[in-house]
Amino acid sequence: MKVRVLVSLKNGVLDPQGKAIEHALGSLGFEGVGDVRMGKTIDLELADGTSDEDIDAMCRKLLANTVIENYRIERA
């Protein structure tokens, strides 16, 4: 079973990498780009029957820092 976990910073958390991307795009001549937020995508190949609770536990314990990040789980 394939699962994709999308992790992003919570609103209000500073994102220096996103700001650097926003600034670099402006320097390259791309206008109208604002409020870039950087995140990460984690693709997992899991055994069939892995429970939603186990996947959620993986995210909470390792894949996302729930103090500053949100995550969303997508099944392929």
Side-chain angles (χ1 to χ4, degrees):
M1 164 175 61
K2 294 187 180 199
V3 173
R4 177 168 284 167
V5 178
L6 303 165
V7 181
S8 60
L9 289 171
K10 291 182 176 182
N11 289 333
V13 176
L14 295 178
D15 185 356
Q17 192 172 11
K19 279 291 179 201
I21 292 168
E22 180 182 334
H23 182 51
L25 288 171
S27 296
L28 291 171
F30 295 101
E31 297 179 17
V33 177
D35 196 29
V36 175
R37 304 288 286 176
M38 185 67 189
K40 56 188 170 187
T41 302
I42 304 164
D43 292 322
L44 302 169
E45 181 74 35
L46 302 173
D48 290 339
T50 302
S51 70
D52 290 343
E53 293 80 18
D54 283 345
I55 298 168
D56 191 60
M58 290 176 200
C59 293
R60 284 184 285 108
K61 291 180 179 181
L62 178 67
L63 302 178
N65 177 350
T66 57
V67 174
I68 62 169
E69 294 175 321
N70 292 317
Y71 62 90
R72 185 174 79 235
I73 300 166
E74 297 179 351
R75 292 182 181 264

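Predicted, not measured: the structure shown is a model, and the values here were computed from it.
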Checklist entry - Any chain of hydrophobic side-chain contacts (each under 4.5 Å) joining V5 to I68? => result no
Item to check | For E74, side chain to side chain donor-acceptor pair (under 3.5 Å) partners two or more places apart | outcome: R72
Item to check | ILVMFWY network linking I73 to L62, side-chain heavy atoms under 4.5 angstrom | outcome: yes
Checklist entry - Can you list the residues that meet the salt bridge (Lys or Arg N to Asp or Glu O under 4.0 Å) rule with R60, with sequence neighbours excluded? => result D56
Checklist entry - By salt bridge (Lys or Arg N to Asp or Glu O under 4.0 Å), which residues pair with K10, not counting sequence neighbours? => result none
Next on the checklist: For the CD1 atom of I55 and the CZ atom of R75, what is their distance to the nearest 0.5 Å?
Outcome noted: 4.0 Å
Next on the checklist: According to salt bridge (Lys or Arg N to Asp or Glu O under 4.0 Å), who are the partners of D35, at least two apart in sequence or on a separate chain?
Outcome noted: none
Checklist entry - Taking atom NZ of K19 and atom CZ of R37, what is their separation to the nearest 0.5 Å? => result 9.0 Å
Checklist entry - What are the two closest non-hydrogen atoms of G18 and D15, and how far apart are they? => result N-OD1, 2.9 Å
Next on the checklist: Restricting to non-hydrogen atoms, name the atom on V33 and the atom on E22 that form the minimum distance, rounded to 0.1 Å.
Outcome noted: O-CG, 4.0 Å
Side-chain polar contacts of residues 38-46 - donor-acceptor pairs under 3.5 angstrom, sequence neighbours left out - could you list them?
{"from": "D43", "atom 1": "OD1", "to": "R4", "atom 2": "NE", "distance (Å)": "2.6"}
{"from": "D43", "atom 1": "OD1", "to": "R4", "atom 2": "NH2", "distance (Å)": "3.2"}
{"from": "D43", "atom 1": "OD2", "to": "R4", "atom 2": "NH2", "distance (Å)": "3.2"}

Item to check | Connected-component partners of L14 among ILVMFWY, side-chain separation under 4.5 Å | outcome: none
Checklist entry - Under 4.5 Å between side-chain heavy atoms, hopping through other hydrophobics if needed: is there a path connecting L9 to V36? => result no
Checklist entry - What residues form a side chain to side chain contact (heavy atoms under 4.5 Å, CB included) with S27, not counting sequence neighbours? => result H23
Checklist entry - Would L6 end up clustered with Y71 when hydrophobic side chains under 4.5 Å apart are linked, directly or stepwise? => result no
Next on the checklist: Under the rule for salt bridge (Lys or Arg N to Asp or Glu O under 4.0 Å), what residues qualify as partners of D48, not counting sequence neighbours?
Outcome noted: none
